[in-house]
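To keep things clear, I will list the structure first and then write my remarks on it.
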Number of protein chains: 2
Amino acid sequence: MMARSAAHAGLDLREACLAEALAIISTAGAEKLSLREVARRLGVSHQAPYRHFASRDHLLAEIVRGAFADFAAALRSPPHTDAPASDLLVMGMAYVGFATAKPLQYRLMFGGTLPDPRQHPEMMQGARDAFDVLREGIERMLAGRSEPHPRDVVDRNALFAWSSLHGVVSLLQTDAIGTLDLAPQTRAEFTLLALQKVGAALGIDTGNQEIGGDTQ
Amino acid sequence: MMARSAAHAGLDLREACLAEALAIISTAGAEKLSLREVARRLGVSHQAPYRHFASRDHLLAEIVRGAFADFAAALRSPPHTDAPASDLLVMGMAYVGFATAKPLQYRLMFGGTLPDPRQHPEMMQGARDAFDVLREGIERMLAGRSEPHPRDVVDRNALFAWSSLHGVVSLLQTDAIGTLDLAPQTRAEFTLLALQKVGAALGIDTGNQEIGGDTQ
DNA sequence: TGCCTTTGGTTGACAGTGTCAACAAATCCG
DNA sequence: CGGATTTGTTGACACTGTCAACCAAAGGCA
């Protein structure tokens, strides 16, 4: 019998399971995650991961918790400057960068097939933190313009920023968009263009506008 | 043995399978779709659906094809008026209405776990049609403003409209947003507010703006 | 230190799934 | 009408998540 907590590349079994599961998800998507495959890859019996996770959902919830924590950290990572509006745009770039670097992870986070959040209360802590980062960005921007920023105004705009960025990154990842007859340049430039438009919708001067009164 | 093509509520078996599968997807999500459950519900052997669909993916592809066709029809359904900008906003409402009425279907269409489009070429025809409807709406709007509307400009804006609407409806459906501490009113009003902002970003006068130079 | 409890692993079984394969009845078509 | 095709049934297989029992190692405590 295998010694307990045998080292797996320097990790105990629990951490090794998480790492392996994340690797599978990142390459094949969460729907392909099987705990038996995790066990096989780690050279343990199929039941061993269940010693550390009550069910597949518990393992997945831990992965998701970590993913949202990384997401919040990515939004928070650009340093603050004395230009809040610019900071908000940079945060938008960080958002896109995160989703683009880890598309399958992003899909898991927002794809609608998560373990039940009520059974796993810490799973979404990172999502709440991320929203707080967005709120803060909006609030700094409004304050920088000496505009009133009551809670509901901040929330609405933070939510709009989120939905817009989410729309850009998630739609571009779909097969539906993949099959459209779009010029390669339209695809390549779209994300940046969309960020500019979202910024404009939030009242940020992002430079040239194609629609909205200016000409390119 | 069961008579062939026995009537299932007036449908042949193939159509009955599609209807049953759609019912399961619409209530439990596509990840819960099992062809054995479809067969059980129809009172046929577990292998019978495979007489009409080579695999689960083939059945799913047919469901998705129909869903995108419905989607395109929903975008197209509002009648044209002599106000193209207004028509575009109404189309946005139709988009939201479709996604809101059938959330699990919408999630299937854009969720990233579809059968391979290369194996099922007709699956995305409705997506291309829908994009054409968006293009047409943008083109009419630009023409109505006597603005130039070369193909790339139309495409960029149609894609922006799509990503923004998609962002709104899909993000609001996620568990991440479900766990945020948002005032109920902020949630209730968000969709309409977001539509207004997207409209504004496309240069449509949608009335009061919270940010963007006007005050509410 | 020795014994009991807990932890963490192994093995086996079960139910459910998609799919492969063989068989048989019904239908089609020349 | 007879042979071919279509359409259904039944059974098997491999894979999955989970239940259950067993056992060795480790930990705790008198």
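Lettering of chains follows the sequences in order, A, B, ..., and the numbering in each one begins at 1. Computation of the quantities below employed the complete heavy-atom set of this structure, encompassing side-chain atoms and omitting hydrogens, waters and symmetry-equivalent molecules.
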Discussion item. What I want to find out is whether B:D116 reaches B:R118 closely enough, with some N-O distance under 4.0 Å, to be called a salt bridge.
Written reply: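 Looking at B:R118 together with B:D116, the answer is yes, because their closest N to O distance falls below 4.0 Å.
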ask   = Less than 4.0 Å between a side-chain N and a carboxylate O, is that true for A:E122 and A:R65?
value =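 Salt bridge flag = no for A:E122 with A:R65.
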Can you measure [X] atom [atom1] to [N] atom [atom2] for me and round it to whole angstrom units?
X     : N      : atom1 : atom2 : result
A:D57 : D:dT18 : CG    : C1'   : 12 Å
A:R51 : D:dG17 : CZ    : P     : 17 Å
B:F53 : D:dG8  : CZ    : C1'   : 15 Å
B:D12 : D:dT7  : CG    : P     : 9 Å
A:E31 : D:dT16 : CD    : P     : 14 Å
B:Y50 : D:dC13 : OH    : C1'   : 14 Å

With B for base contact, S for sugar-phosphate-only contact and - for none (protein heavy atoms under 4.0 Å), nucleotides 11-17 of chain C reads BBB---B
Exercise for review: Report the residues that fulfil salt bridge (Lys or Arg N to Asp or Glu O under 4.0 Å) with A:R135, sequence neighbours left out, ordered by chain and then residue number.
Suggested key: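 By the salt bridge (Lys or Arg N to Asp or Glu O under 4.0 Å) rule, A:R135 matches A:D132, A:D155, B:D181.
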>> Which residues pass the side chain to side chain donor-acceptor pair (under 3.5 Å) test with B:Q185, not counting sequence neighbours?
In response: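 Partners of B:Q185 by the side chain to side chain donor-acceptor pair (under 3.5 Å) criterion, ordered by chain and then number, come out as B:E189.
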**Item:** Close aromatic pair by centroid cut-off 6.0 Å: B:F71 and B:F131
**Value:**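 No; B:F131 has its ring centre 6.0 Å or more from that of B:F71.
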When the aromatic ring centroids of A:Y50 and A:H58 are compared, is their separation below 6.0 Å?
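Centroid distance A:Y50-A:H58: not below 6.0 Å, so no.
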